[in-house]
Amino acid sequence: MNRSLEITATVLEAVPIGEYDRRVVLLTREAGKLSCFARRARRQGSPLMAAASPFAYGKFRIYRGRSSNVLSDAEIEQYFEGLRSDMTAMMYGSYFLEAAGYVTRENNDETRILLLLYVTLRALERGRMPYSLIRAVYEIRLIVEEGEFEQPSSEELKDKSAGFARAAAFITAAPFEKLYSFEVSDEVLRELIGFAGTRAENYFRHDFKSLSILRECDSELPGK
């Protein structure tokens, strides 16, 4: 039986193990969420040092052992290095990774969540949209992809602008490649942030560590 598996994935989490290793959580196209060990990934000069880091996206080769999976090789297409040079962008990105990890499962078909995460990180790195708008779009669309999204009720729409209704409809149905290709007024932005925040709080019902730090960043940088 072939225990080697080649997958397309994004690194959601990387935790130090022992002196030189890392435990890595991947969101994969082929096997859903998958945990593995990256041996000697923290050793200087290791070919896995950069690959076994959050945000890295590309091809990974996994050896499936009896009790654990081992990351043996990687060919990274996108490191999202731009996020690492902007602390606020990195915190938004960390929240996006954590939320994706929370909703995905091992051996599920998580292809669409992986693609959503990828285009969201690309939008975040480009920096052409306010970070708060990217977050609102991501939260809404993530819940849509999970099949749990509730359309705005007539009561919710009553006190909101026509621009909000159009933007919400676009976010729920747009192809991923066009999802981050629109602009909104400040009024609509505020409405989307409030709406997405309420939907996310009701759906996730979870305290994300990265979100606590992100809230501090938001208060310090209200323009983002």
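The minimum heavy-atom distance between Thr172 and Ile140, with the atom names listed, is CG2-CG2, 4.1 Å. Here the shortest heavy-atom pairing between Leu157 and Ala165 reads CD2-CB, 4.2 Å. Nearest heavy-atom pair across Pro54 and Leu97 is CB-CD1, 3.9 Å. Ile171 and Arg141 make their closest contact through O-NH1, 2.9 Å (heavy atoms, listed as atom of the first residue, atom of the second, distance). The nearest pair of heavy atoms linking Ala89 to Tyr131 is CB-OH, 3.7 Å. Closest non-hydrogen pair, Phe170 versus Lys178, comes out as CZ-O, 3.3 Å.
No side-chain N or O of Asp86 forms a donor-acceptor pair with one of Tyr92 less than 3.5 Å apart. Glu98 and Ser210 are linked by a side-chain donor-acceptor pair at a separation below 3.5 angstrom, with hydrogens and angles left out of the test. Side-chain contact, Tyr118 with Arg122: a donor N or O sits under 3.5 Å from an acceptor N or O. Counting only N and O atoms by type, the side chains of Arg23 and Ser35 include a donor and acceptor under 3.5 Å apart. Remark: the Tyr180 side chain and the Thr120 side chain contain an N/O donor-acceptor pair separated by less than 3.5 Å.
Under a hydrophobic-cluster definition in which Ile, Leu, Val, Met, Phe, Trp and Tyr are linked whenever side-chain heavy atoms come within less than 4.5 Å, directly or via other members, Ile193 and Leu142 are assigned to the same cluster. Linking ILVMFWY residues whenever their side-chain heavy atoms come closer than 4.5 Å, directly or via other members, leaves Leu12 and Val70 in distinct clusters. Tracing side-chain contacts under 4.5 Å through hydrophobic residues (I, L, V, M, F, W, Y), one never reaches Leu83 starting from Met49; they form parts of separate clusters. Cluster membership check: Leu115 shares its hydrophobic cluster with Val144, using side-chain heavy-atom separations under 4.5 Å among Ile, Leu, Val, Met, Phe, Trp and Tyr. Both Phe208 and Ile134 sit in one connected hydrophobic cluster of ILVMFWY residues. Membership requires side-chain heavy atoms under 4.5 Å apart, directly or through other members.
Looking only at distances, a side-chain donor or acceptor of Ser46 sits under 3.5 Å from a matching main-chain atom of Arg40. In this structure, Asp109 contributes its side chain and Thr111 its backbone to a donor-acceptor pair below 3.5 Å. Judged by distance alone, the side chain of Arg22 and the main-chain N or O of Ala52 form a donor-acceptor pair under 3.5 Å. At least one donor-acceptor pair under 3.5 Å links the side chain of Glu191 to the backbone N or O of Ser161. A donor-acceptor pair is defined here as one N or O able to donate and one able to accept, closer than 3.5 Å; such a pair exists between the side chain of Glu110 and the backbone of Arg105. In terms of modelled atom types and a separation under 3.5 Å, the side chain of Asn69 and the main chain of Arg64 share no donor-acceptor contact. When atom types are taken as modelled, the side chain of Ser181 and the backbone of Glu177 share no donor-acceptor pair closer than 3.5 angstrom. No donor-acceptor pair under 3.5 Å is formed between the side chain of Arg61 and the backbone N or O of Leu71.
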#### Entry: Test side-chain contact (heavy atoms from CB on, under 4.5 Å) applied to Val103 and Phe204, step by step
CA-CA 8 Å; Val103 302; Phe204 294 126; 3.6 Å; yes
### Query
Between Leu117 and Tyr138, does a side-chain contact (heavy atoms from CB on, under 4.5 Å) hold up when you go through it step by step?
CA-CA 8 Å; Leu117 180 60; Tyr138 179 74; 3.9 Å; yes
### Message
Applying side-chain contact (heavy atoms from CB on, under 4.5 Å) to Leu179 and Leu116, what does each step give before you reach the verdict?
### Response
CA-CA 9 Å; Leu179 188 57; Leu116 172 62; 3.6 Å; yes
#### Entry: Worked check of side-chain contact (heavy atoms from CB on, under 4.5 Å) between Tyr203 and Glu139
CA-CA 10 Å; Tyr203 174 65; Glu139 288 174 334; over 6 Å; no
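In this structure, CD1 on Ile7 lies 6.5 Å from CD on Glu30, to the nearest 0.5 angstrom. Ile213 CD1 to Met90 CE: the interatomic distance, rounded to the nearest 0.5 Å, is 9.0 Å. For the atom pair CZ (Arg190) and CG (Leu133), the distance works out to 13.0 Å, reported to the nearest 0.5 Å. Taken to the nearest 0.5 Å, the OG atom of Ser94 stands 11.5 Å off from the CG atom of Leu211. To the nearest 0.5 Å, the span separating CG on Leu214 from OG1 on Thr88 amounts to 8.5 Å. Distance check: Ile113 CD1 to Glu145 CD gives 5.5 Å after rounding to the nearest 0.5 Å.
Heavy-atom contacts from other residues, nucleotides or ligands closer than 6.0 Å to CD of Glu146 number more than 12. Remark: Arg42 CZ is packed, more than 12 non-hydrogen atoms of other residues, nucleotides or ligands lying under 6.0 Å away. Applying the 6.0 Å contact sphere to CD of Glu77 captures more than 12 heavy atoms from other residues, nucleotides or ligands. Atom CD of Glu201 has 12 or fewer heavy atoms from other residues, nucleotides or ligands within 6.0 Å. Counting heavy atoms of neighbouring residues, nucleotides and ligands inside a 6.0 Å radius, atom CZ of Arg166 does not exceed 12 of them.
Salt bridge status for Lys33 with Glu106: absent, with no side-chain N to carboxylate O gap under 4.0 Å. Remark: Arg84 does not engage Glu81 in a salt bridge, criterion side-chain N to carboxylate O under 4.0 Å. A salt bridge is absent between Glu156 and Lys160: the closest approach of a Lys/Arg side-chain nitrogen to an acidic carboxylate oxygen does not fall below 4.0 angstrom.
Judged by the 6.0 Å and 45° rule, Arg43 forms a cation-pi pair with Tyr20. Within the cation-pi definition used here (under 6.0 Å to the ring centroid, within 45° of the axis), Arg39 qualifies as a partner of Phe37.
Between Tyr79 and Phe55, the distance separating the two ring centers is not shorter than 6.0 angstrom.
Leu192 has its side chain within reach of Phe164: a pair of non-hydrogen atoms, C-beta onward, lies under 4.5 Å apart. Taking the side chain as every heavy atom from C-beta outward, Cys36 and Tyr63 never approach each other to under 4.5 Å. Contact of the Val137 side chain with the Phe182 side chain is registered, since non-hydrogen atoms from C-beta on lie closer than 4.5 Å. Contact annotation: the side chain of Gln78 approaches that of Glu125 to within less than 4.5 Å [non-hydrogen atoms, C-beta and beyond]. In this structure the side chain of Val25 never reaches within 4.5 angstrom of the side chain of Leu34, judged on heavy atoms. Between Thr28 and Leu114, the closest side-chain pair of non-hydrogen atoms is not below 4.5 Å. Within the 4.5 Å cutoff, no side-chain heavy atoms of Phe60 are placed close to those of Val24.
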